[in-house]
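Structure first, commentary second.
Numbers restart at 1 for each chain; the letters A, B, ... are given by sequence-line order, proteins then strands.
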Protein chains: 2
Amino acid sequence: MKKSIGVNKRDNVKEFEQADSTTVSVDCVVFGYDGYGLKVLIMDCTMPHFKGYDSLIGELVLKSETLDEAAKRILQYWTGLDNLYLEQVKAFSDPGRHPLGRVISVAYYSLVQIDNYKIDPQLKDRLRWADVNELGQMAFDHYDILHSCLSTLQKKIREKPLGFSLLPKKFTLIQLQNLYESILSIELDKRNFRRKLTNLGLLIDLDELQQSVNHRPAKLYSFDFEKYRKKKSKGNLQFEI
Amino acid sequence: MKKSIGVNKRDNVKEFEQADSTTVSVDCVVFGYDGYGLKVLIMDCTMPHFKGYDSLIGELVLKSETLDEAAKRILQYWTGLDNLYLEQVKAFSDPGRHPLGRVISVAYYSLVQIDNYKIDPQLKDRLRWADVNELGQMAFDHYDILHSCLSTLQKKIREKPLGFSLLPKKFTLIQLQNLYESILSIELDKRNFRRKLTNLGLLIDLDELQQSVNHRPAKLYSFDFEKYRKKKSKGNLQFEI
DNA sequence: ACAAAAGTGTTGATAATACACCCATGT
DNA sequence: ACATGGGTGTATTATCAACACTTTTGT
């Protein structure tokens, strides 16, 4: 049913004063990579309608903050982490998506170096890393949100050096290749992959080797974010995997 | 200053009941192409704070509709058109972006065949096609929204056959090339462009010629959207310009 | 010495680029 | 016949894809 007030009145002031108001939330898909597969930070939903369901981390947005600020606050609160890679994906707005009323949710995804982070012990009965593929039904429309963010990640990781935000600062080329293979669900040729990456000129050879592996240790590299920014701003760069 | 209610309470129900509420709007960047340059449908802002400024077309979102539905309603209302290409881009949420209070706006862009459409005479003192590059200061943060949508269009038009939604159903290859050149602000090689497009196998040669031009008439083509959908769903397609 | 994973070059196919002249129509 | 923009092919270069063996370490 349509309301007569606030709809296409062609007069912003009256429209505003009589407007429907809405609750807005941010939901964050926190991705991590543990060397075997892509993981998502999942919490146990406590809301009666979805008790026990898996949900994303999310909160309502304050009037005084931007959506980006809300996402940062939420991430900081639940993970204790700051300065994470963070990207807005899409707003989800089905009127029936939230059982308590109209809530529009803006989805973000974020990338965490999983090995550098321990879940707050106080939260460890509510938070866990779940494999992306293991998740089925979730609270609200969080399954859709998750998969929408996953598609965006799969697309963006080929155009921007996002993979390095999922790996430790020092990584091997094989770890990097495994990461791309598992996120993109494809197989890559080892030699071609290494050639492409080294030709970018953005990897720093640390002249260090992996420790305590029971096979030939691999060389460690790090990614030169500074050089990447410079090249990008000069425009002579197309990162593409 | 932070509120103590509704912030990271780890209890969704209480949080919801006491939540800040917000007004949500949709702003649409309606793109058109007139054979010379990329145009945007602009209206004269009537709100006192921005009287006379250029603004995008936008309205508040109803509680009973999705954002996509709101965008469709707004487009239908202001242009009379239906079934336009429509894509959500980003939510804009600076707390100070709207002078009357907190309004989060979700930006969409939309593509119109400009020659097939006449502005409603009743609205023609408020609506006009403006060249993208001619627009400077605009109402609200509409300049940012416009340029954000423009960047998205520039990116997406290389990956998806969006150009055909901006041209008449029957078009010449030169019109198509001009469109790409003016949207992307680059020059393309005529022969290479034509080869790439014809090799896609998605153009229908109509065996018709342009009428009443005072030079050699060009052949007319149309785009085979049906075949595109089929190829895409089978996965054997990469549209790339 | 054996297991396990790291590392390394070449070749052929495909796609991208650069480039200049003739053609059809209206005036 | 001339002005205007439409239409066409080839040669070169760069990029991508396929492929198998040797090396280093721990046990």
Side-chain angles (χ1 to χ4, degrees), chain A residues 34-37 157-159 163 167-168 170-182 184-222 231 235-241, chain B residues 33-37 157-159 163 167-168 170-182 184 186-222 231 235-241:
Chain A
D34 65 357
Y36 299 98
I157 203 173
R158 306 193 76 138
E159 306 166 358
L167 288 176
K170 301 176 178 188
F171 55 85
T172 71
L173 290 180
I174 296 223
Q175 289 173 335
L176 187 63
Q177 183 180 344
N178 287 339
L179 180 149
Y180 275 96
E181 289 185 333
S182 82
L184 298 173
S185 302
I186 54 173
E187 293 211 336
L188 296 166
D189 181 271
K190 203 206 291 192
R191 281 175 285 194
N192 295 338
F193 180 79
R194 295 164 97 91
R195 188 183 11 256
K196 190 176 270 182
L197 266 289
T198 50
N199 285 351
L200 275 177
L202 294 170
L203 294 181
I204 301 168
D205 183 337
L206 296 171
D207 273 316
E208 281 181 69
L209 297 177
Q210 263 182 321
Q211 295 300 317
S212 42
V213 284
N214 62 342
H215 54 75
R216 176 174 174 178
K219 293 180 74 173
L220 292 170
Y221 293 83
S222 66
K231 279 205 180 191
N236 52 348
L237 168 69
Q238 70 273 35
F239 190 94
E240 190 67 51
I241 284 169
Chain B
Y33 177 73
D34 65 357
Y36 299 98
I157 204 174
R158 306 194 75 138
E159 306 166 359
L167 289 176
K170 301 176 178 189
F171 54 84
T172 70
L173 291 180
I174 295 220
Q175 289 173 335
L176 187 62
Q177 183 179 344
N178 288 341
L179 180 150
Y180 275 97
E181 288 183 334
S182 81
L184 299 172
I186 54 173
E187 293 210 335
L188 295 166
D189 181 90
K190 203 206 288 190
R191 280 176 284 195
N192 296 338
F193 179 80
R194 295 163 99 90
R195 179 164 344 119
K196 189 176 272 182
L197 266 290
T198 50
N199 284 352
L200 274 178
L202 295 170
L203 294 181
I204 301 168
D205 184 338
L206 296 170
D207 273 316
E208 282 182 66
L209 296 177
Q210 264 182 322
Q211 296 300 318
S212 43
V213 284
N214 62 342
H215 53 75
R216 176 176 176 178
K219 293 180 76 175
L220 292 170
Y221 293 84
S222 66
K231 281 205 177 190
N236 52 351
L237 169 68
Q238 69 276 30
F239 190 93
E240 190 69 50
I241 285 169

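The closest side-chain heavy-atom distance from A:L203 to A:F171 is below 4.5 Å. By the 4.5 Å heavy-atom criterion applied to side chains, B:L200 and B:E240 are not counted as neighbours.
If you find the closest nucleotide of DNA chain D to A:R195 and to B:T172, the one lying nearer the 5' end belongs to B:T172.
In this entry the distance linking CD of B:E187 with C1' of C:dC19 reads 14 Å, nearest Å. Rounded to a whole Å, the NZ atom of B:K196 is 19 Å from the P atom of D:dG9. Distance A:I174 CD1 to C:dT8 P: 11 Å, rounded to the nearest Å. One interatomic measurement links the two molecules: CG of B:D189 to P of D:dA11, which rounds to 17 Å at whole-angstrom precision. One can place CZ of A:R194 at 15 Å from P of C:dA5, the figure rounded to the nearest angstrom. Here C:dA16 presents its P atom at 14 Å from CZ of B:F193, a figure rounded to the nearest Å. When rounded to the nearest whole Å, the span between CG of A:L188 and C1' of D:dC16 equals 13 Å. In this structure, B:R191 places its CZ atom 6 Å from C1' of C:dA20, rounding to the nearest Å.
Residue contacts shown for B:K190 include a base, since a base heavy atom lies under 4.0 Å away. Among the protein residues, A:L173 comes within range of no part of the nucleic acid, since none of its heavy atoms lies under 4.0 Å from any strand.
For B:K231, the NZ atom counts as densely surrounded, since its 6.0 Å shell holds more than 12 non-hydrogen atoms of other residues, nucleotides or ligands.
Looking at residues 207-217 of chain B, you'll see B:H215, B:R216, B:P217 sit with a heavy atom under 4.0 Å from some atom of DNA chain D.
Donor-acceptor pairing under 3.5 Å, judged by distance alone, is present between the side chain of B:N192 and the base of C:dA18.
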Task: Evaluation steps, side chain to side chain contact (heavy atoms under 4.5 Å, CB included), between B:K219 and B:T172 - done: CA-CA 6 Å; B:K219 293 180 76 175; B:T172 70; over 6 Å; no
Open item on the list: Could you go through B:R195 and B:N192, starting from their C-alpha distance and side-chain angles, then the distance that decides it, and tell me whether this counts as side chain to side chain contact (heavy atoms under 4.5 Å, CB included)?
Closed with: CA-CA 5 Å; B:R195 179 164 344 119; B:N192 296 338; 3.4 Å; yes
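A pairwise comparison of heavy atoms in B:K170 and B:E208 identifies NZ-OE2, 2.9 Å as the closest pair.
Not counting sequence neighbours, B:Y33 has no partner by the ring-ring contact (aromatic ring centres under 6.0 Å, His included) test.
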